[in-house]
Amino acid sequence: MESNWKLVLLLWLGSINAEFSDDWSKLQCTSQNTCRECIQQPSCAWCTKPDFSGNSRCFHLISEDSNYCPPEYSYNPDNMLMILQYKSLSRPRVSPIPAESYTHRPTSSSNTSLEEIVQFAPQRVNLKIRARERYTMHAQYIQVEEFPLDIYLLMDFSKSMEGNSEKLTRLADSLAKVVPNITTNLRLGFGSFADRTFQHAMSLSTQTNQFSSLVKKAVTNNFNASGSLKTGVLPVNSTAGLQAIMQAIVCKQYISWRENARRVLIFASNLELQSDEIKFANYDLCNWGGGSVNVARINEKVKQNSINLLFAVTADQMSNYKKVQDKIEGSYTVMLTPDSSNIVEMVKEEYNKMSAVIQLKDNSSDGITINYYSNCLDPSGEFKKTDRCENVKVGDIVSFKIEVEVTRCPRDPEDWKQRLQIYPIGVNETMYMDLEMLCSCQCEQKGYVENAKECMGAGTYKCGICECNRNHFGKHCECSSEHMYNFMNTLSCKRDPEDTSVCSGRGICICGKCSCQRDTIYGKFCECDNFSCPLSHGKICGGRGTCDCGVCNCKSPWNGDACEKSVLKS
Ligand SMILES: *[C@@H]1O[C@H](CO)[C@@H](O)[C@H](O)[C@H]1NC(C)=O
Ligand SMILES: *[C@@H]1O[C@H](CO)[C@@H](O)[C@H](O)[C@H]1NC(C)=O
Ligand SMILES: *[C@@H]1O[C@H](CO)[C@@H](O)[C@H](O)[C@H]1NC(C)=O
Ligand SMILES: *[C@@H]1O[C@H](CO)[C@@H](O)[C@H](O)[C@H]1NC(C)=O
Ligand SMILES: *[C@@H]1O[C@H](CO)[C@@H](O)[C@H](O)[C@H]1NC(C)=O
Ligand SMILES: *[C@@H]1O[C@H](CO)[C@@H](O)[C@H](O)[C@H]1NC(C)=O
Ligand SMILES: *[C@@H]1O[C@H](CO)[C@@H](O)[C@H](O)[C@H]1NC(C)=O
C-alpha cells in the first residue's frame, strides 16, 4: 500500500515538472488581484470588462484567447521606444595619422572642424517599459576624433636637481614635439615644487610651443639665476613631493584637466619618496582635505580622478619608486634620461592602449539592469555580451545593442520615471534615456468612480473591480466591519430559525445577508420569485397579470388569486 502511494506521488511530480513553466507563468498572472500588480508581471494582461465572468481578471496572454476577454477591454501596455534626437554620426576628421590606418578614409573637407562632432547616436530616447521585460535598442559609435590627451609635467626644482636641469628642458621639448605626432588632441601644462611649495605655472593648453619655451624659462630662472631669484635652496624631502602630486591631481580649476581626457601626470624628480604618512597642519588648498598625505591617499585620489602617474626619476631612485608604483594604481616608473625618448615612448604606449578601446557605461540605479552587446567591428560576427570593443581606429563604426530591463517596480511612484545616461568612456558625448516604467494602469489614475453603485456605494470602481473604502470588504464591498459579528452567523439569513438551509435554499449567506442564486430570485431570504404564482388556464396568473413574490397582480378587468375572474362577467 505504502509503495503504491510513492509511485502515485512520483508520477504526479513528473507531470508537474513537465508543465511547470507554462502553469507557472499562468499562475503568475491569475494570482494578481489588481491591475497594477498584474501588469508588473510579464505577459499578463488585465480585463476591465464590467460584467466579467472569467476566473481572474489578470490573465496570461498566451494561454487565453479573445473569448476570455474582448480586446477592447484587455489592458496590456507595450514596451515602446521613441527616439527623440538622432544627430547623424560625423565623418572622421582629418588627422596626422597615416591614411592606411583608417578603415574608412576620411573625406577631406576644410570645413569639418567647424561642424559639431557626433560620435555616439542616438542622443535622446524615451523608453516605456514594463517590469521584468527586456527591451533592446540599437546605438552606434564612430571614432571621429583622436582621444584627448592631457599631460601635466610636475618638476622638482629643489637644489639637488640642479645637475638634471638639462634633462627637464629636454623632456619638455620632446613632449611638445613628439607627442603631437601621437595625437593632435593634446594639451600640455606644467608646474614645479621646491621647499614644500607647489607652484603651478601653465594650465593645460594646446599651445605646445609655448609650453616648451615656458619650461625652459622656468628652469633657467630656477637653477641658473643668481641670488634671490633662486628657489631650490632649502633641503626638501618626501613631504614636498607628495604634497605637490596631491595638488596637481586635485587642483582641477588651476590645472584644467579635461573631463574626458586621458590624464597623465609626469613627476620628474630625484627625491626619495617615502610611503609613510606625513601630517600637515592647516593645509587645505583645493579642498583635498588637508591634514595629511601619504601614498595610500594619493592612490585614492588617482583612482577618483583617473590620472596616470608617471614617475620620471633619476637612476638612483628607480628602485625606490618601483616600490611606490606598486601602491598606486596605473602608475609607472621610467628613468629620467638625457634624451627622454623612453618617457615619450611610455606615454605613447599607454595612450594607444586606451584610445583603441571603446567602452559603454551608464549611471543606472538599483532595479534597472542594462546589458550591452556588440559584434565589435566584425560585420558577420555574432553580437556577444560585452560593453567594450578593442582595436577601434579613427573612422570605425561600432554597433551596440543595449538591453534594458526593469527588474522590479520601485516602491515610490516618483521613481517610475528616471533619466539615465549611457555614454562611451572618454568621449564627451552621452545618450539621455528617459525611462518610464509601466508600473500602474491608466484606469487606476483616471476615469474611476468613487462610492460606485457596483461597489454598494462603499468603494471605488477601478479597472473593473472594487477598491473598498475603509471598514468595507468583499468583492463588491458588500461586507462591512459591522457585519463582522455576523460574518459566520447565518441566523439572519434564515426566515425561520428552525430552517435547515439559509436563504430559502436558493442563495448563500454573505456577511449576514442573502445573495440569491439567480436574478429572478429575490427578497431578504430569497423567498420571492416571479414564477411561483397560482396558475389558471395553464399559465402563471392566467397570463392576465404579473407575478410578484407569489402574488398575482392582475390586469384590469381580471382579479382573483390566479386572475381567473373578471369583474365584468360577475
Ligand atoms: C562650412 O559650414 C558652414 C556651416 O555648416 C556652411 O554654411 C559653409 O557653407 C561651409 N563652408 C564650406 C566651404 O563648405
Ligand atoms: C612628427 O611627424 C612628422 C611627420 O610625420 C615628422 O616629420 C617629424 O619628424 C615627427 N617629429 C618627431 C619629433 O618625431
Ligand atoms: C644653466 O647653466 C649651466 C651651466 O652653469 C648650463 O650648462 C645650462 O645649459 C644652463 N641651463 C639653462 C636652462 O640655461
Ligand atoms: C620633511 O621636512 C619637514 C620640514 O622641512 C619636516 O617637518 C618633516 O618632518 C620632514 N618629513 C620627513 C618625512 O622627513
Ligand atoms: C562636453 O560637452 C559639453 C557640451 O556638449 C560642454 O559644455 C563641455 O564643456 C564639454 N566638456 C569637456 C570636458 O570638453
Ligand atoms: C544619471 O545622470 C543624469 C544626468 O546627469 C541624471 O539626471 C540622473 O539623475 C542620473 N541617474 C541616476 C540614477 O543617478
Ligand atoms: C417581478 O415582478 C415585479 C412586478 O412585476 C417586478 O417589479 C420585478 O422586477 C420582477 N422581478 C424580476 C426579477 O423579474
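Remember, it's 1-based here, ligands and their atoms both numbered in the order they're listed.
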Would you say the SG of C29 sits less than 2.5 Å from the SG of C44?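 Cysteines C29 and C44 qualify as a disulfide pair, their SG atoms being under 2.5 Å apart.
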Would you indicate whether C38 and C441 have their SG atoms under 2.5 Å apart?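 In this structure, C38 and C441 share no disulfide.
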List the protein residues in contact with ligand 6, where contact means a heavy-atom separation under 4.0 angstrom.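 Its neighbours under 4.0 Å (heavy atoms only) are N363, S365, R419, Q421, Y432, given by chain and number.
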Mutual orientation of the aromatic rings belonging to Y68 and F59 [parallel < 30°, tilted 30-60°, perpendicular > 60°]: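 Geometry flag for F59 against Y68: tilted rings.
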Establish, for the pair K401 and Y373, whether the NZ or CZ atom is under 6.0 angstrom from the six-membered ring centre and no further than 45 degrees off its axis.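 Pair K401/Y373 does not count as cation-pi.
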Under 3.5 Å, is there a donor-acceptor pair linking the side chains of N76 and S74?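 No donor-acceptor contact under 3.5 Å links the two side chains.
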S374-T386 side chain donor-acceptor pair, cut-off 3.5 Å: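 No, no side-chain donor-acceptor contact under 3.5 Å.
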